[in-house]
A.B. asks: 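What follows is a single structure, and I will ask about it in a moment.
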Amino acid sequence: MSQPLWALPKGQRARVRDLSEALPAAQAQRLRELGFLPGALVECIHRPAFGAPRVYLVAGACFSLEREMARRIYTEPLEESAHAS
Amino acid sequence: MPRETLLVGSPNSGKSLLFNRLTGLSQKVANFPGITVRLGRGELLGHADEVLIDFPGTYSLAPISGEERIASDGFQAALARAEVQRVLCVVDATRLGKSLSLALQMLREGARQGTDVLVVATMTDAFPPGGGAFDAAGLSEALGVPVFPVSGKTGAGLDTLRGALAGAAGAPVPPRYAELHDEALQAEAQDLMARFGAPGALLLRGQTRLDGFFLHSLFGGLAFFALMAVLFQSIFTWAAPAMDGIEAALAWGADGLVPLLPGTLLKDFVSDALFGGVGAFLVFVPQIFVLTVIVGIMEDSGYMARAAVICHRPLRFFGLTGKSFVPMLSGVACAIPGIYAARVVESPRKRWLTYLAVPLMPCSARLPVYTLLIVAFIPATPILGGLLGLQGLAMVGLYLFGLLAGLVVTSLVSRVAPSEEDDLPFVLEMPPYRVPAWGPLLQMALRRSKDFVTKAGAVIFAVTVVVWVLGYFPNGGKDLGASWLGGLGRWVEPLFAPLGLDWRYGVAILTSFLAREVFVGTLGAIFGIEGAEENFLPLADHIQASGMALPSGLALLVFFALALQCVSTVAVLARESGGWRLPLSMVAAYLVLAYGAAWVAFLFASALL
Ligand SMILES: Nc1nc2c(ncn2[C@@H]2O[C@H](COP(=O)(O)OP(=O)(O)OP(=O)(O)O)[C@@H](O)[C@H]2O)c(=O)[nH]1
Ligand SMILES: [Mg+2]
């Protein structure tokens, strides 16, 4: 089961699964360099209203991503939380 | 031949502060990713044969846009030069994740080209108490190259680094990096990050709380508007005492000095051209100082990046992006740094749309003209119980007018000229909140003001002298209308008659196409010749006495708000956009727009008043 990063609720963590095929190669490469690598932990820190860019914590740094970017990063829920629920 | 060392690293990792510490120079330092846009070059303090080069920050050597390609090509070209024997790779010790990927790419490049690479870990002072220390020795062991832990803020570790830079070139990069392919490189970066990275949660807790406020849908928006209001109000209120002081000093100087001078010609020249022309413009320097300080506080505290996030959606509606906010706000101080700052906008299309907006931002060169006309036409009535004056309100109105004009232009152009090329979505690193570094901030504001005085001052002085000579001769200042300048003026007068402006203003407008502030200097010199009295009078009083009516004043304000009258902006635009087409079409289009809007404003105001 995978869901786009954009759908991640505030304060929750997930693991990056992969990046969308629709993403141009250079942009995908850049995202990986920023830390959005398959297997990396991401946390949604802020979700401002009105569709404003959201803030994600990855690899110890914060980035704000707008919808067009964040919906092309696929994540899967953490195993721990899957067990807990 | 001096040895050169390249300073590279991810954006906002502290390269420029380190560069300043090592060279004693003052590159601009601010807490926003992508501040340095041009190479800085300087000698290591006390070692003239060691040259350091400060590079713009980059996340990667693999470019995602045309502009980044230029930057990374520039780096490769620099690396290939014989003088360049070392790369100083700067990583942010508190956020290794974003720096390590680039550091490994640098090591790979170094191994391939036979260039030494040293790693410098900055921000070591920013580890929270109990957050553990940065393990430089461990990282150095793992990387196989020296790692220097330093703090650009406290200066810790800098002596060791300086010693190493002045000494031998250092050890070469282990050859294994030459063969490292991209995937292995990223895996290694992640592994190093896990072993040596700071405990992220510790560093981020305070930041998250502040973000909860500044990015809040309601409070964040309110805070944004409150900050903007403070910004514009302060230009008027905080700078006012200093402006009054300069005005008083000028009057005192003119009244004291001029009578002591020998000969009428010299007397007239000094009082009209120097005190009247150049002096009229000096009065506005405090406003530029205040403006630079406040924009600097917003940048260095880390707030600017949050403002970009808040503005992203609204600006997107107008065809721009949240990142356009930074060049636009810089443009409020001066269009030139604003144009340079547009490099933070990676998308080429959004960048040229940003170029369209920046020259319409109410820059500080318009400030003298605005202030002069507001003081001449608008009474200083206090409103809202003295919180704001009517004059301050008029200024806010003019600022909003410029901003709105910029947004209307970009939204029209972006809709008329749609594009198919795929756009780069908004991704922006959120720098940590910091207490601004006051020293560098004030220094920068002082330097900006000084630049303004020396650069604009030189132009104003030259133009003022020419205007004065043309206005003073051939009849010795007795009859301005019959002077050479008067003849010239009558020739251009029909151009400005539809706006209700007489030839004196026409001449001042023509000269203001060099730089807007020149308008004030020219008028100062003209009224200086005309004014028979010996006492120094503020220029606004001359304007009131000149018989210009309010509708013409409004037309003049509208004209200055819209026209692109700045030779330096045009030159910088040509360089940054890679050709003269964009700037020259902008000059022409904005001239038509400005004249048309001024004429409409004049007709409306004449009908209503
Ligand atoms: N506490 C602390 N702050 C630092 C240190 N080094 C830099 N800073 C701050 O970090 C911010 C960024 O510094 P810059 O020197 O402009 O960073 P840069 O790497 O040149 O950034 P770009 O030019 O945008 O790539 C500024 O607010 C500095 O004051 C450090 O060692 N400790
Ligand atoms: Mg820099």
Side-chain angles (χ1 to χ4, degrees), chain A residues 4-6 8-13 15-74 78, chain B residues 10 59-65 68 92 94-102 105 182-183 185-187 189-190 193-194 197-201 203-204 207-208 211-212 214-218 220-221 305-306 308-314 316 321-322 422-432:
Chain A
L5 181 59
W6 187 252
L8 190 66
K10 178 174 169 176
Q12 293 222 353
R13 301 202 295 169
R15 211 172 270 290
V16 176
R17 203 166 89 163
D18 53 12
L19 304 178
S20 160
E21 300 286 320
L23 216 51
Q27 288 179 33
Q29 157 105 1
R30 174 56 46 87
L31 280 178
R32 283 192 288 270
E33 282 156 355
L34 297 183
F36 293 94
L37 279 167
L41 272 183
V42 283
E43 180 178 342
C44 175
I45 305 199
H46 289 289
R47 280 173 66 119
F50 311 121
R54 296 176 181 169
V55 181
Y56 300 97
L57 170 66
V58 70
C62 286
F63 295 93
S64 73
L65 268 58
E66 79 172 310
R67 184 169 163 271
E68 280 63 42
M69 207 62 164
R71 73 191 171 90
R72 290 183 167 158
I73 301 173
Y74 300 132
L78 290 180
Chain B
S10 58
Y59 289 109
S60 162
L61 289 180
I64 57 169
S65 67
E68 280 194 11
D92 175 346
T94 61
R95 276 162 304 149
L96 277 183
K98 61 157 189 162
S99 306
L100 276 173
S101 183
L102 179 70
Q105 290 180 24
D182 280 346
E183 257 153 58
L185 191 148
Q186 253 140 37
Q190 232 184 359
M193 154 77 197
L203 290 172
L204 282 164
Q207 169 166 356
T208 313
D211 269 346
F214 283 118
L215 293 178
H216 190 273
S217 315
L218 177 65
R306 277 72 189 183
V309 171
I310 288 196
C311 292
H312 177 68
R313 281 299 298 226
R316 216 175 67 159
T321 134
D422 55 22
D423 232 342
L424 293 165
F426 178 87
V427 175
L428 180 64
E429 186 184 340
M430 299 282 99

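Owing to the predicted nature of the structure, the values given are computational and were not obtained by experimental measurement. Residue numbering restarts at 1 for every chain, and letters A, B, ... go by the order of the sequence lines.
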A.B. asks: With a 4.5 angstrom heavy-atom cut-off, is it the side chain or the backbone of Asp92(B) that approaches chain A, or both, or neither?
C.D. replies: neither

A.B. asks: Between Glu43(A), Arg47(A), Met69(A), which residue shows the highest count of heavy-atom pairs closer than 4.5 Å to chain B?
C.D. replies: Met69(A)

A.B. asks: What is the distance from atom CD of Gln29(A) to atom CD of Gln186(B), rounded to the nearest 0.5 Å?
C.D. replies: 6.0 Å

A.B. asks: Among Gly212(B), Ala305(B), Pro432(B), which has the most heavy-atom pairs under 4.5 Å with chain A?
C.D. replies: Gly212(B)

A.B. asks: Nearest 0.5 Å, please: how far is NE2 in His46(A) from CG in Leu215(B)?
C.D. replies: 6.0 Å

A.B. asks: Specify which of Pro53(A), Ala70(A), Ala52(A), Ala49(A) makes the most heavy-atom pairs with chain B at under 4.5 Å.
C.D. replies: Pro53(A)

A.B. asks: To the closest 0.5 Å, what do you measure between CD (Glu183(B)) and CG (Leu37(A))?
C.D. replies: 9.5 Å

A.B. asks: First locate atom CZ of Arg313(B), then atom CZ of Arg67(A), and finally report the distance between them rounded to the nearest 0.5 Å.
C.D. replies: 8.5 Å

A.B. asks: Only one of Arg95(B), Glu429(B), Met430(B) clears side-chain contact (heavy atoms from CB on, under 4.5 Å) with Cys62(A); which?
C.D. replies: Met430(B)

A.B. asks: So which of Gly322(B), Ser60(B), Ser101(B), Cys311(B) has the biggest tally of heavy-atom pairs under 4.5 Å with chain A?
C.D. replies: Ser60(B)

A.B. asks: Just so I understand: if I count every heavy-atom pair under 4.5 Å between each of Arg72(A), Arg54(A), Glu68(A) and chain B, which residue has the most?
C.D. replies: Glu68(A)

A.B. asks: Given side chain to side chain contact (heavy atoms under 4.5 Å, CB included), test Glu33(A) with Leu102(B) step by step and report yes or no.
C.D. replies: CA-CA 8 Å; Glu33(A) 282 156 355; Leu102(B) 179 70; over 6 Å; no

A.B. asks: Considering all heavy atoms of both residues, which atom of Glu66(A) and which atom of Phe426(B) are nearest to each other, and what is their separation?
C.D. replies: OE2-N, 2.8 Å

A.B. asks: Taking all non-hydrogen atoms of both residues, which atom of Pro48(A) and which atom of Ser217(B) are closest, and how far apart?
C.D. replies: C-OG, 4.0 Å

A.B. asks: Let's go through Val427(B) and Leu34(A) carefully: what are the C-alpha distance in whole Å and the side-chain angles of both, what is the deciding distance for side chain to side chain contact (heavy atoms under 4.5 Å, CB included) to 0.1 Å, and is it a yes or a no?
C.D. replies: CA-CA 10 Å; Val427(B) 175; Leu34(A) 297 183; 4.0 Å; yes

A.B. asks: So which part of Ala40(A) gets closer than 4.5 Å to some heavy atom of chain B, the side chain, the backbone, both or neither?
C.D. replies: both

A.B. asks: What closest approach, in Å, do Val309(B) and Ser64(A) show between heavy atoms, and which atom pair accounts for it?
C.D. replies: CG2-OG, 3.4 Å

